[in-house]
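Just so it is clear, the values below take in all heavy atoms, side chains as well, and ignore hydrogens, waters and symmetry mates. All figures in this text were calculated on a predicted structure; none of them were measured in a lab.
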Amino acid sequence: NKFDKKITIPKVVKRILGNSLLGLDFATDIILPSTLEYFTPYAIMEIGRKSEDEENNYPKTSINLHIENSDNFTTINGALYTKDMKTLLYMPNKIKGGIVPISNETEIIKEGSCSYIKGVYPDTALKANIPKSVKKICKNAFFGADICLLKISSDVEIEKTAFANSKINGLVINMETV
């Protein structure tokens with residue numbers, strides 16, 4: 001009805017696939033079922049846009065995800081991780097506090113998971129300090145991101161198009177090993 005800010009997905013749902021949560025951009029929070037076995041970041045954002053107007057209006061991914069008592073996933077500050085915290089699957093795109101809150105346990109930042117992230121006033125200059133635990137950043141992981149400063153280790157595997165269409169004003173590569 002577009003008045004509910006919190007949406008609860010029924011417990012019978014086990015898989016959330018691409019585009020399946022489109023149109024919920026009015027929501028602030030989505031409660032995922034503990035029965036969830038599979039989630040794709042493209043569930044919330046529209047892929048395959050055609051016009052530039054649509055490009056500017058989508059994706060509206062500033063939705064906080066929540067899940068409790070799940071064998072497969074965990075959520076922190078609206079972001080969705082695998083249960084072991086090693087894989088980041090989804091990050092809301094409006095970041096408060098000026099720093100992208102990626103867990104220090106994260107090893108893989110999955111495709112599309114941090115798409116279109118940007119800072120929120122008054123901390124609009126967003127910094128992305130990629131933790132040293134991160135081993136791989138998948139394609140389109142930071143697609144369309146607006147990042148003031150990106151700090152990343154030199155030994156991270158960065159897939160092609162991981163930062164496509166992103167605005168990055170500064171880059172610091174930590175070269176601990178030669």
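In summary, the aromatic rings of Tyr81 and Phe73 are positioned with their centroids too far apart to meet the 6.0 Å limit.
Ser166 places a side-chain N or O within donor-acceptor distance of the main-chain N or O of Phe142, the cut-off being under 3.5 Å. Formation of a donor-acceptor pair under 3.5 Å by the Asn169 side chain with backbone atoms of Leu149 is not found in this model. The main-chain N or O of Ser70 is found under 3.5 Å from a side-chain atom of Lys83 such that the two form a donor-acceptor pair. In this structure, Thr75 contributes its side chain and Ile67 its backbone to a donor-acceptor pair below 3.5 Å. Glu157 contributes no side-chain N or O that, together with a main-chain N or O of Lys136, makes up a donor-acceptor pair within less than 3.5 Å. Panel note: side chain Ser133, backbone Thr106; a donor-acceptor pair is recorded below 3.5 Å.
Contact of the Ile95 side chain with the Pro101 side chain is registered, since non-hydrogen atoms from C-beta on lie closer than 4.5 Å. The side-chain heavy atoms of Cys138 and Ile108, taken from C-beta on, include a pair separated by under 4.5 Å. A 4.5 Å side-chain heavy-atom check between Ile102 and Ile130 finds at least one atom pair inside the cut-off. The closest side-chain heavy-atom distance from Ile158 to Ile152 is below 4.5 Å. Side-chain atoms of Glu105 and Lys86, non-hydrogen and from C-beta on, never get closer than 4.5 Å to each other. Contact check for Lys160 versus Lys139: no side-chain heavy atoms found under the 4.5 Å cut-off.
Shown are Ile9, Asn64, Leu80; of these, the side chain to side chain contact (heavy atoms under 4.5 Å, CB included) with Ile30 is made only by Ile9.
Under the side chain to side chain contact (heavy atoms under 4.5 Å, CB included) criterion, Thr82 pairs with Asp84, Thr87, Leu89, not counting sequence neighbours.
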Pairs under 3.5 angstrom only: tabulate donor-acceptor contacts from the side chains of residues 31-40 to other protein residues two or more places apart or in another chain.
residue: Thr35; atom: OG1; partner: Lys11; partner atom: O; Å: 2.4
residue: Thr35; atom: OG1; partner: Val13; partner atom: O; Å: 3.0
residue: Thr40; atom: OG1; partner: Tyr42; partner atom: N; Å: 3.4

